[in-house]
Every structure is written in C-alpha cells, then in structure tokens.
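Proteins come first, then strands; the chains are lettered A, B, ... in the order of their sequence lines, and each starts at number 1.
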Protein chains: 2
Amino acid sequence: MATQNQELRNAGLKVTLPRVKILQLLEAAEQDSHHLSAEDVYKSLLDSGEDVGLATVYRVLTQFESAGLVVRHNFEGGHSVFEMAKGDHHDHMVCLDSGQVLEFCDPTIEKRQHEIADEMGYEIVDHSLVLYVKPKEK
Amino acid sequence: MATQNQELRNAGLKVTLPRVKILQLLEAAEQDSHHLSAEDVYKSLLDSGEDVGLATVYRVLTQFESAGLVVRHNFEGGHSVFEMAKGDHHDHMVCLDSGQVLEFCDPTIEKRQHEIADEMGYEIVDHSLVLYVKPKEK
DNA sequence: TTATCTGCAAATGGTTTGCAGCCGA
DNA sequence: TCGGCTGCAAACCATTTGCAGATAA
C-alpha cells in the first residue's frame, strides 16, 4: 500500500523491499497485539521466502525506532521486542508461564510517577514498567 | 567480620576470600546508595590488589542473588547492577544526565499494580519500574 | 581428604559494524 | 549514474561455562 511507502519516505528512508516487508509484518502483528523480536521478524521473512539478513532486520528496526515508527522494549534477559508506535503510551505485563505479553495503562500510576519525580526535583523523560506475572492460582 | 561469614554460611556457601571481599564491597557501596555492576566490583577488587577473575565475580553475584543476599536489576542497554537486599522493596529513578540512581517506593503504585494484575486474572511474581529522568528545568 | 571453589580461556547469544556489491530515485 | 541499502561475515559486549588445579572444612 502507498500508505506504508509514504511512511518510509517521511522518515527519509528509501522504499526498499526489506523495509516494506518488515513494516507489513509489524502492522500485521499489531492485530494480534503481538510484540515481535528481531529474531521473530527475521524468521517470518525467511518463511515468506524473502532473502534478508538478520543484520538488515536490526538495522531497519533501529531506523524505524529513530524515525518514531516503532517502539523498542527491553525485557529481562537481554531480549528486545518491537511494536508499532500507536501514539498511546502503555505498560507491559509478561506472563512467565506462556511468555505472552499483555498491555495495560493506568492513569493512577502514570500520575503518581510524575508526582514522585517532581517531588525529587526531576521530570520524567521516559519510563519502563513491566509486571512479571503468572496465572492466578485456581 | 563474623557477621558476613555467617551470612555466607547461612547461604550454604563456603567462606572464601573472593566471596567475603565481594560482600564487603557491596555493603560498603550500600552507604553511598551506590548500585554496582559486575564490572565495578571486578575493577574494585583489582584495585585492591585482589586476584579474582571476572567470571568469579559473576558466579558469586549470581549465588548471592539465589541466596537472596543481593538483588539484581536490569536497566536499559543490557547492563545489570547489584545491591544488597535490604528487605524492603523499592523502584528506581535513573538520571540520564548524571547516571545517578535514586530509589523510591510508592504504596499507591504498588497497590495499583496488584489490582491490575488481579483484574486480568494474574498474580504478580515480580515487577520492574524504572523512571528515566532529567533535572527539572530552572 | 574431598567436595567445593577459583582462574583462565573459550563459548554463548543478542546485537552491531565493515565492506564490496546491489539497487532505488 | 550514484549514494543509500543490503547480505555476509567478522566484531562486540555482557555474561556463562568447561576444566584442571587450588582450597576450605
């Protein structure tokens, strides 16, 4: 779609096959509220018969992040995941059993964070809140 | 001090020179509310003329963590820091200008986290909240 | 003595980079 | 055409592991 090509152009990036493909994958994953790792993207591309290198996947994802197209999250264990930047902010809840990642956003917490930083003489540039959970006991 | 040796024994660990030294370093750092990386600990040991390997530092810190003696935090950028487990839980605020790490604990946020997880059918095993901040504008 | 520990070096795993050739504008 | 892009392989960096020798109990 022209929409994607335009997004790339706006970011000052040439419209190339790897970039378009990766952008499509990220948008498709968005439907399943799925967070993709670089490895995930790489494997999907290979499965689709595309011939891209893992290095390119990282380069493209990093460029997308710089362009503000995607957001990168660093979870425990040196693993990073990427998702489309949908404008809204939200935090994450990772299920230690299934590995599933759920999103949530709580105004109360957001508000307190700013109050706390303010009280200590700072302002928040960014923040990361991840809850590591397991299914409630029966 | 005998206190430290006892802590090690309680953890089921032999009282060896590297372990005692590392424990002392961590406790000393506690005074400055300083969070040490494995590399920090390693360098301090070398400066003190001790002959320990970086691998041992990692092994000892990991053992301490398993024993509940220290807590490990994973900040952005694949860096981990360690600090003595003082019983109380707290979150972190990292100043992007100075790199300084401040601690805080907010009951309101803690409470909401549990409520949120509960509402979604989970219980919290662990969580990580880090605020990346900068000094307030004049 | 002997099970545990340690230093060293080599292995790992995720991510980045150098480089020669490729390709979109 | 030509500078940006790509694949490949090698480099990186924090952390882990295998192993033979060292050491606390």
Side-chain angles (χ1 to χ4, degrees), chain A residues 2 4-23 25 35-67 69-82 94 99, chain B residues 2 4-23 25 35-46 48-67 69-82 99:
Chain A
Q4 295 167 341
N5 297 2
Q6 200 49 49
E7 286 183 295
L8 290 176
R9 267 187 273 270
N10 291 342
L13 300 170
K14 278 189 184 173
V15 178
T16 63
L17 199 131
R19 306 224 252 234
V20 174
K21 282 290 174 190
I22 292 176
L23 197 49
L25 273 179
H35 298 63
L36 300 176
S37 67
E39 200 73 26
D40 291 334
V41 173
Y42 178 59
K43 287 198 189 115
S44 292
L45 289 173
L46 290 193
D47 288 348
S48 311
E50 302 298 335
D51 178 34
V52 294
L54 180 54
T56 299
V57 173
Y58 276 106
R59 268 187 295 234
V60 170
L61 287 174
T62 302
Q63 290 160 348
F64 285 2
E65 188 195 7
S66 303
L69 281 176
V70 311
V71 181
R72 178 192 201 129
H73 299 286
N74 300 296
F75 290 161
E76 301 282 312
H79 254 257
S80 295
V81 294
F82 300 82
V94 180
Chain B
Q4 293 167 342
N5 297 2
Q6 200 50 47
E7 286 183 294
L8 291 176
R9 267 187 273 269
N10 291 342
L13 300 170
K14 279 189 184 173
V15 178
T16 63
L17 198 131
R19 305 223 251 236
V20 173
K21 282 291 174 189
I22 292 176
L23 196 49
L25 273 178
H35 298 61
L36 299 177
S37 67
E39 199 74 27
D40 291 334
V41 173
Y42 179 59
K43 286 196 191 121
S44 292
L45 289 174
L46 290 192
S48 310
E50 301 299 335
D51 178 35
V52 295
L54 181 53
T56 299
V57 172
Y58 276 106
R59 267 187 297 233
V60 170
L61 287 174
T62 303
Q63 290 160 347
F64 284 2
E65 188 194 8
S66 303
L69 281 176
V70 310
V71 181
R72 177 191 201 130
H73 299 285
N74 300 294
F75 291 161
E76 301 283 312
H79 255 257
S80 296
V81 294
F82 300 82

> Can you check whether A/R19 has a side-chain N or O nearer than 4.0 Å to OP1 or OP2 of D/dT6?
Replying inline: yes
> Between C/dT12 atom C1' and A/H79 atom NE2, what is the distance in whole Å?
Replying inline: 13 Å
>> Nearest 0.5 Å, please: how far is CG in B/L36 from CG in B/L61?
In response: 8.5 Å
> Once you round it to whole Å, what is the distance between P of D/dC12 and CD of B/E39?
Replying inline: 16 Å
>> Under the rule for side chain to side chain contact (heavy atoms under 4.5 Å, CB included), what residues qualify as partners of A/F75, not counting sequence neighbours?
In response: A/H73, A/V81, A/H92, A/V94, A/V101, A/V130, A/Y132
>> Checking B/S80 now: which residues fulfil side-chain hydrogen bond (donor to acceptor under 3.5 Å, both in side chains) with it, not counting sequence neighbours?
In response: B/N74
> Given D/dT6, C/dT6, C/dT16, which nucleotide is nearest the side-chain atoms of A/P18?
Replying inline: D/dT6
> Just to confirm, is there a sub-4.0 Å distance from OP1 or OP2 of C/dT15 to any side-chain nitrogen or oxygen of A/S80?
Replying inline: yes
>> Tell me which pairs pass salt bridge (Lys or Arg N to Asp or Glu O under 4.0 Å) where either residue lies in residues 46-55 of chain A, with sequence neighbours left out.
In response: A/K21-A/E50
> Can you give one letter per nucleotide of nucleotides 17-25 of chain C, going 5' to 3': B for a protein heavy atom under 4.0 Å from the base, S for sugar-phosphate only, - for none?
Replying inline: BB-----BS
> B/V41 and side chain to side chain contact (heavy atoms under 4.5 Å, CB included): which partner among B/V60, B/L54, B/V52, B/I22?
Replying inline: B/I22
>> Without decimals, in angstroms, what is the distance between A/L8 CG and D/dG4 P?
In response: 17 Å
> Near DNA chain C, which residues from residues 47-54 of chain A have a heavy atom under 4.0 Å away?
Replying inline: A/L54
>> Suppose we screen for side chain to side chain contact (heavy atoms under 4.5 Å, CB included). Which residues come up paired with A/S44, at least two apart in sequence or across chains?
In response: A/L25
>> From CD of B/Q63 over to P of D/dT15, roughly how many Å is that when rounded to an integer?
In response: 16 Å
>> What is the separation between atom NZ on A/K43 and atom C1' on C/dG13, rounded to the nearest whole Å?
In response: 12 Å
> Looking at CG of A/L8 and CZ of A/F64, how far apart are the two atoms once the value is rounded to the nearest 0.5 Å?
Replying inline: 5.0 Å
> Per the end-axis method with five pairs at each terminus, what is the bend angle of the helix from C/dT12-D/dA14 to C/dA25-D/dT1, to 10°?
Replying inline: 30°
> Could you give the CG-to-P distance, from A/D40 to C/dT15, as a whole number of Å?
Replying inline: 11 Å
>> What is the separation between atom CG on A/L45 and atom P on D/dC8, rounded to the nearest whole Å?
In response: 13 Å
> Within this structure, what is the OH-to-C1' distance between B/Y42 and D/dT16, rounded to whole angstrom?
Replying inline: 15 Å
> How would you list, by chain and number, every residue that makes a side-chain hydrogen bond (donor to acceptor under 3.5 Å, both in side chains) with B/S48, sequence neighbours excluded?
Replying inline: none
>> For residues 53-65 of chain B, which residue pairs pass the side chain to side chain donor-acceptor pair (under 3.5 Å) check, not counting sequence neighbours?
In response: B/R19-B/Q63
>> B/N10: which residues meet the side chain to side chain contact (heavy atoms under 4.5 Å, CB included) condition with it, sequence neighbours left out?
In response: B/Q6
> Can you name the side chain to side chain contact (heavy atoms under 4.5 Å, CB included) partners of B/K43, sequence neighbours left out?
Replying inline: B/E39
